[in-house]
**Student:** 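What follows is a single structure, and I will ask about it in a moment.
When reading the values below, keep in mind they use all heavy atoms of this one structure, side chains included, and skip hydrogens, waters and symmetry mates. Each residue takes its place number in the sequence, starting with 1. Note that ligands are numbered from 1 as they come in the structure, with each ligand's atoms numbered from 1 the same way.
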Amino acid sequence: MTEQGPLLSINGIEVMYSRLALVLRGLTLTVPRGGIVALLGANGAGKTTTMKAVANLLRSERGEVTRGTIQYDGERIDRLDASDLARRGLSLVMEGRHCFPTLSVEDNLKVGAFSRRDGAVAESLELVYRYFPRLKDRRHQATGLLSGGEQQMCAIGRALMARPRMILLDEPSMGLAPLLVEEIFVIMKQLNAAEGMTFLLAEQNASVALRYATYGYLIESGRVVREGAAAALAADPEIRASYLGLDASAEADASAFSARRRPRWLS
Ligand SMILES: Nc1ncnc2c1ncn2[C@@H]1O[C@H](COP(=O)(O)OP(=O)(O)O)[C@@H](O)[C@H]1O
Ligand SMILES: [Mg+2]
């Protein structure tokens, strides 16, 4: 185990699906220990593909990393499977909340602890319920009956059961009401501050992600086109116009303004 250097580094990876569709084109990013790094981009930019490349889940979709390397905690992880990664403290929460709908919340959480001793399972359950009291209230209900937000909490809770050092969190805000999104991000921030967990957070919702992340990367067509401290990205006029949910007229005003010749008193 190395104690220096970033916890995760993705170095110039290319990913191809079915040997023909090049989806990531030399993507490079790093996640420092204890950081919350946002991976931003429109639908189809390559966020989920990046997460799956790290978690080594591309093969089942006929995808492969055709160039570049991925290192976690100083070690190349290209050939490790999900349980190897879990043992090293790396967990993925997939887009679209995959908890088993017919299992109770608690049984879903226990699935996340597959590799752990019994005593550790009870301890982990307690940790999850401390951060997600809603899950404790509903622990005996079938997960399929929960609200979308609670199902997202269940998916994150299940990842927590393995006591990860790092969580790859793919689009936690998707389909959720704004207040629930905030609730989930606040809990992520608490896990980061109190448990020292590191996050790589893929989000189309740049506005909320940049309020909770420390650093961000914006990707377009499988390439990083901007990176910087979260506050700097949130203040970037181009990002504000294209990704921060300004309404259509504000967006049109912004681009009309930059297209027009700037008045002399502004130069
Ligand atoms: N299994 C697959 N086979 C072929 N193309 C795929 C597959 N999965 C995703 N893609 C394509 O890769 C691109 C990036 O997708 P994805 O990583 O899901 O983007 P994001 O998560 O940013 O929305 C898209 O053009 C998408 O259509
Ligand atoms: Mg995605």
Side-chain angles (χ1 to χ4, degrees), residues 8-31 36-70 72 77-78 81-82 85 90-99 148-149 151-156 158-159 166-176 180-181 184-185 188 199-210 212-213 215-228 230 233-234 236 238-239 241-245:
L8 178 72
S9 62
I10 299 178
N11 314 299
I13 59 167
E14 286 183 1
V15 168
M16 212 180 257
Y17 285 111
S18 305
R19 293 177 180 259
L20 46 90
L22 189 61
V23 166
L24 298 186
R25 307 154 188 264
L27 186 127
T28 294
L29 67 81
T30 61
V31 181
I36 300 179
V37 171
L39 180 60
L40 309 171
N43 189 24
K47 303 178 297 297
T48 296
T49 300
T50 304
M51 300 298 216
K52 287 183 176 166
V54 174
N56 224 330
L57 292 175
L58 288 171
R59 200 169 315 153
S60 61
E61 302 194 33
R62 308 191 59 217
E64 62 180 323
V65 177
T66 51
R67 197 184 198 125
T69 59
I70 301 173
Y72 171 76
I77 54 171
D78 318 37
D81 66 20
L85 293 172
L90 181 66
S91 286
L92 168 69
V93 178
M94 302 269 281
E95 183 180 295
R97 304 185 279 280
H98 294 283
C99 276
Q151 292 193 32
Q152 180 61 269
M153 291 174 186
C154 181
I156 298 172
R158 191 175 54 180
M166 176 166 193
I167 297 187
L168 309 170
L169 195 50
D170 195 3
E171 303 262 10
S173 80
M174 195 189 272
L176 301 187
L180 268 169
V181 173
I184 284 171
F185 277 66
M188 174 188 73
F199 287 86
L200 177 61
L201 168 69
E203 263 299 339
Q204 263 186 78
N205 186 340
S207 138
V208 67
L210 287 174
Y212 290 91
Y215 198 86
Y217 292 86
L218 175 65
I219 64 173
E220 283 174 11
S221 306
R223 275 198 197 93
V224 173
V225 293
R226 276 278 213 295
E227 68 173 279
L233 288 183
D236 182 307
E238 222 171 290
I239 291 182
S242 313
Y243 292 95
L244 288 185

**Student:** Show me which atoms of ligand 1 lie under 4.0 Å from any heavy atom of Thr48.
**Tutor:** 17 (O), 18 (O), 20 (P), 21 (O)

**Student:** So do Leu39 and Glu203 actually touch side chain to side chain, heavy atoms under 4.5 Å?
**Tutor:** no

**Student:** Would you call Leu218 and Glu227 a side-chain contact if the rule is heavy atoms closer than 4.5 Å?
**Tutor:** no

**Student:** Can you tell which part of Asn43 has a heavy atom less than 4.0 Å from ligand 1: side chain, backbone, both or neither?
**Tutor:** both

**Student:** When you look at Leu40 and Tyr217, which way does the side-chain contact (heavy atoms from CB on, under 4.5 Å) test go after all the steps?
**Tutor:** CA-CA 6 Å; Leu40 309 171; Tyr217 292 86; over 6 Å; no

**Student:** Would you say the side-chain atoms of Thr28 pair up with the backbone N or O of Gly12, donor to acceptor, closer than 3.5 Å?
**Tutor:** yes

**Student:** Tell me which protein heavy atom sits closest to atom 13 (C) of ligand 1, plus the residue, atom name and distance to 0.1 Å.
**Tutor:** Val23 CG1, 3.5 Å

**Student:** Considering only heavy atoms, does Ala42 approach ligand 1 within less than 4.0 Å through its side chain, its backbone, both, or neither?
**Tutor:** backbone

**Student:** Examine Gly46 against ligand 1 and note whether any of their N/O atoms are separated by less than 3.5 Å.
**Tutor:** yes

**Student:** Who's the nearest protein heavy-atom neighbour of atom 5 (N) of ligand 1, and how far?
**Tutor:** Tyr17 CD1, 3.4 Å

**Student:** Measuring only between side-chain heavy atoms, which start at C-beta, is Met94 closer than 4.5 Å to Lys52?
**Tutor:** yes

**Student:** Would you say that more than 12 heavy atoms from the other residues, nucleotides or ligands in this model lie under 6.0 Å from the CZ of Arg67, or not?
**Tutor:** no

**Student:** Distance under 4.0 Å to a non-hydrogen atom of Thr49: what atoms of ligand 1 satisfy this?
**Tutor:** 14 (C), 15 (O), 16 (P), 17 (O)

**Student:** List the steps, then state whether side-chain contact (heavy atoms from CB on, under 4.5 Å) holds for Val224 with Leu27.
**Tutor:** CA-CA 6 Å; Val224 173; Leu27 186 127; 4.2 Å; yes

**Student:** Taking the non-hydrogen atoms of Ala45, is any one of them nearer than 4.0 angstrom to ligand 1?
**Tutor:** yes

**Student:** Atom 1 (N) of ligand 1: which protein heavy atom is closest, and how many Å away?
**Tutor:** Glu61 OE1, 2.9 Å

**Student:** Between Thr30 and Tyr215, is the side-chain hydrogen bond (donor to acceptor under 3.5 Å, both in side chains) condition met? List the steps.
**Tutor:** CA-CA 10 Å; Thr30 61; Tyr215 198 86; over 6 Å; no

**Student:** How far is atom 14 (C) of ligand 1 from its nearest protein heavy atom, and which residue and atom name does that atom have?
**Tutor:** Gly44 O, 3.3 Å

**Student:** Atom 27 (O) of ligand 1: protein heavy atom closer than 4.0 Å?
**Tutor:** no

**Student:** Looking at ligand 1, is there an atom of it that comes within less than 4.0 Å of some heavy atom belonging to Ser18?
**Tutor:** no

**Student:** Any idea which N/O/S atom from Glu95 gets closest to the Mg ion (ligand 2)?
**Tutor:** OE1

**Student:** Is there an N/O/S atom in Thr49 that lies less than 2.8 Å from the Mg ion (ligand 2)?
**Tutor:** no

**Student:** Answer yes or no: is there a side-chain heavy-atom contact under 4.5 Å between Leu22 and Val15?
**Tutor:** no

